[in-house]
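In what follows, residues are counted from 1 in the order of the sequence shown. Basis for what follows: all heavy atoms, side chains included, without hydrogens, waters or symmetry-related copies.
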Amino acid sequence: MDRELIAAIEKMYHCRVIRLRPKRAVWLCDTDRGNWVIKGYDDFAQAAWVTHLSRTLHQRGFRDVVRYIPTIQSVPVFKWKEDYMTAMERIPGREGSYFNKVDILHSLEKLAEFHLHSTFIPGGPPPEEGIPLLVKWENRYRSFLDIHSQIQNSDTRQSRLTQLVQSGAPTILREAEYVLDVARRSALAEEYVASFHQHHVAHKDLASHNFLLSGTHSSIIDLDTAAYDTPLVDIIQLISRALVLQGWSLSAFTEAIEAYRSVRPLSDAQVALIFLLLRFPDNFMREVTGVFEKRKNFQASRVEQYLAIIMKNWKRRERFFAGYEHFFYA
């Protein structure tokens with residue numbers, strides 16, 4: 001255990017630390033005042049924003065989200081060495097799974113509740129210029145294209161991973177170009193204008209492990225990436241990752257949309273836009289760029305397995321999007 005950090009926690013929270021152990025980028029901390037998660041930030045502005053966002057959501061009645069413990073100085077952040085530290089109450093529950101459709105539906109209902117409470121919240125980081133989702137996708141497209149070219153021009157023997165990238169690249173690039181072209185002419189820009197006007201905060205990192213479930217109850221954790229954006233980006237991110245492991249089931253999609261709609265309205269035009277944007281092959285390109293750019297938490301063996309699943313289900317994916325007339329006009 002880190003004795004210096006323990007001493008700092010005991011001083012700042014007037015508690016006794018029973019156990020402190022690392023997990024991923026945080027520490028799990030058991031104290032005589034409860035079980036907490038300790039997390040540090042190298043930027044004070046980010047620590048101040050996430051704690052402000054959490055406090056605002058709790059004040060508005062949305063309590064299924066992380067709650068920060070105030071220090072003896074009645075503030076949610078304290079300085080330790082070069083980091084700005086926070087303590088969160090540990091939320092009980094297991095991580096959600098994309099393999100479990102019930103988990104997906106519970107997560108979408110909770111996401112809709114989050115979106116209901118996350119408008120007109122000042123104090124966040126300035127929104128990006130342009131249409132942030134398209135800017136991100138265009139950058140990812142270019143990075144993937146560069147990686148594809150590097151593999152093509154390499155004289156070294158190809159691994160199973162590079163073979164998967166090479167075999168899938170023509171289809172992936174074609175799909176990406178199609179969606180980017182249509183999306184630039186879609187109503188996405190209008191969605192952003194409305195969301196920015198409302199200071200609407202999106203989570204922006206909706207991996208299944210950021211939902212904790214206990215029975216039918218679910219909570220959202222990890223607000224580090226939360227920023228002003230359209231709620232559609234969260235819906236698209238969550239459903240697109242789920243559909244890969246749900247075999248591109250149209251019923252899974254419609255149930256997911258209805259789960260969200262049971263809490264927060266979505267117009268038919270918004271659902272149509274979600275359906276269009278789900279076609280962008282972001283999962284494949286994100287994994288490839290992650291591992292080749294050596295980003296944290298991207299392991300070649302896991303990425304290889306995931307790419308294989310994506311390409312194995314590609315025919316199902318094609319049928320999913322080929323059936324859009326039935327979805328909209330049935």
Side-chain angles (χ1 to χ4, degrees), residues 127-154 158-159 161-192 195 202-207 225 227-245 248 272-300 302-318 320-322 324:
E128 303 169 48
E129 294 183 2
I131 304 175
L133 182 62
L134 292 188
V135 171
K136 182 180 80 170
W137 281 355
E138 286 164 351
N139 289 338
R140 186 161 286 164
Y141 169 82
R142 286 191 289 269
S143 296
F144 180 82
L145 191 60
D146 288 344
I147 291 167
H148 172 52
S149 299
Q150 291 169 19
I151 294 172
Q152 279 186 314
N153 297 326
S154 175
Q158 290 194 354
S159 65
L161 176 58
T162 55
Q163 289 173 359
L164 282 168
V165 174
Q166 284 297 84
S167 62
T171 300
I172 296 298
L173 290 169
R174 185 168 58 251
E175 284 289 277
E177 289 159 4
Y178 168 79
V179 177
L180 287 172
D181 179 59
V182 177
R184 292 185 192 106
R185 296 179 278 114
S186 73
L188 185 59
E190 287 81 358
E191 288 289 334
Y192 268 101
S195 295
H203 187 282
K204 295 174 69 72
D205 185 25
L206 282 177
T225 58
Y228 301 126
D229 212 316
T230 168
L232 298 189
V233 302
D234 285 345
I235 302 171
I236 292 162
Q237 190 176 58
L238 182 55
I239 293 180
S240 69
R241 295 182 181 184
L243 282 173
V244 170
L245 299 180
W248 291 95
L273 184 56
I274 290 168
F275 191 83
L276 162 69
L277 297 174
L278 283 171
R279 186 165 175 175
F280 187 78
D282 190 49
N283 292 308
F284 193 100
M285 291 197 294
R286 183 190 68 250
E287 297 296 315
V288 171
T289 54
V291 73
F292 280 90
E293 292 173 358
K294 295 181 170 50
R295 294 205 299 270
K296 189 178 179 180
N297 299 326
F298 285 87
Q299 298 178 7
R302 291 183 180 178
V303 169
E304 178 186 318
Q305 293 172 358
Y306 190 57
L307 298 189
I309 291 172
I310 291 174
M311 299 315 296
K312 180 181 177 181
N313 289 330
W314 197 261
K315 290 296 183 184
R316 291 184 180 181
R317 183 186 188 276
E318 289 178 335
F320 176 88
F321 289 111
Y324 72 94

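Side-chain contact check for E175 versus R317: some heavy-atom pair is nearer than 4.5 Å. For the pair L277 and L232, the minimum side-chain heavy-atom distance is 4.5 Å or more. Between N139 and K136 there is no side-chain heavy-atom pair separated by less than 4.5 Å.
M311 approaches G168 most closely through the heavy-atom pair CE-CA, 4.1 Å. What you find for L245 and I309 is that their closest heavy atoms are CD2-CG2, 4.1 Å. For the pair A189 and I131, the tightest heavy-atom approach, listed with the atom from each and the gap, is CB-CD1, 3.7 Å. When all heavy atoms of I172 and M285 are compared, the closest pair comes out as CG2-CG, 3.6 Å.
Using a distance-only test at 3.5 Å, with no hydrogens or angles considered, no donor-acceptor pair links the side chain of D229 to the main chain of A202. Between the Y192 side chain and the L133 main chain, a donor and an acceptor come within less than 3.5 Å of each other. Without hydrogens or angle criteria, S240 side chain to N283 main chain gives no donor-acceptor distance under 3.5 Å. A donor-acceptor pair under 3.5 Å links the side-chain atoms of S186 to the main chain of A183, judged by distance alone. Using a distance-only test at 3.5 Å, with no hydrogens or angles considered, a donor-acceptor pair links the side chain of S159 to the main chain of T162.
Because its NZ or CZ atom is both nearer than 6.0 Å to the ring centre of F298 and within 45° of the ring axis, R295 counts as a cation-pi partner of that residue. Cation-pi geometry between R316 and W248 is not met at under 6.0 angstrom from the ring centre and within 45 degrees of the axis.
D181 is linked by a side-chain hydrogen bond (donor to acceptor under 3.5 Å, both in side chains) to R185, counting only residues two or more places apart in sequence or in another chain. By the side-chain hydrogen bond (donor to acceptor under 3.5 Å, both in side chains) test, R184 pairs with E138, sequence neighbours left out.
Test W137, F275, Y141 against F280 for ring-ring contact (aromatic ring centres under 6.0 Å, His included) and you get one pass: W137.
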